[in-house]
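All values reported here derive from a predicted model rather than from experimental measurement.
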Amino acid sequence: MNFKPLFNNILVERIEEETTTKGGIIIPDTAKEKPSRGKVLAVGEGTTLENGTIVPMKVKVGDVVLFSKWGGTEIKLDGQDRVIMKETDVLGIIE
């Protein structure tokens with residue numbers, strides 16, 4: 001994949017949630033919500049301030065992040081579903 005997000009955008013691969021509850025109940029596809037966790041695949045340079053200074057990104061490639069349910073734009077890249085979003089849509093990094 002040769003994709004480089006611009007500015008403060010990141011490319012994320014969603015991480016699918018478990019399909020079975022702890023009690024063993026299988027969750028049907030129609031009841032599942034889109035996962036709001038993902039692995040960062042690519043990051044932009046950062047935000048450019050009015051004076052030309054670049055503020056670097058807080059997230060890096062390989063981070064697992066929790067992001068806003070409605071954040072980002074769904075795209076297909078190399079036949080795979082991906083999400084491109086602003087860094088501000090990321091709620092936190094899962095360690």
Looking at Pro56, is its backbone amide N or carbonyl O close enough to the side chain of Glu45 to form a donor-acceptor pair, meaning the two atoms are under 3.5 Å apart?
no

Asp63 side chain to Val65 backbone, donor-acceptor under 3.5 Å
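No; zero donor-acceptor contacts below 3.5 Å.
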
Nearest heavy-atom neighbours spanning Ala42 and Phe3:
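For Ala42 versus Phe3, the nearest heavy atoms are CB-O, 3.8 Å.
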
Ile93 versus Lys58, closest heavy-atom pair with distance
CD1-O, 4.0 Å

Rounded to the nearest 0.5 Å, what separation is found between the [atom1] atom of [X] and the [atom2] atom of [Y]?
| X | Y | atom1 | atom2 | value |
| --- | --- | --- | --- | --- |
| Leu41 | Arg82 | CG | CZ | 5.5 Å |
| Ile10 | Met85 | CD1 | CE | 5.5 Å |
| Lys76 | Asp81 | NZ | CG | 3.5 Å |
| Ser36 | Leu66 | OG | CG | 5.0 Å |

Single hit among Val43, Ile75, Val61 for side-chain contact (heavy atoms from CB on, under 4.5 Å) with Leu11
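Result: among Val43, Ile75, Val61, Ile75 is the only option passing the side-chain contact (heavy atoms from CB on, under 4.5 Å) with Leu11.
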
Val59, Val55, Ile54, Thr47 screened by side-chain contact (heavy atoms from CB on, under 4.5 Å) with Asn8, the one that passes:
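Between Asn8 and the candidates, side-chain contact (heavy atoms from CB on, under 4.5 Å) is satisfied uniquely by Thr47.
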
Is Glu13 paired with Lys39 through a side-chain N to carboxylate O contact shorter than 4.0 Å?
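Looking at Lys39 and Glu13, the cut-off is not met.
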
Using a strict 4.0 Å threshold on nitrogen-to-oxygen distance, state whether Lys86 and Asp89 make a salt bridge.
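So Lys86 does not pair with Asp89 through a salt bridge.
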
same_hphob_cluster(Ile15, Ile94) at 4.5 Å side-chain heavy-atom cutoff
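In one cluster: yes.
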
Non-hydrogen side-chain atoms of Arg14 and Phe67 separated by less than 4.5 Å:
yes

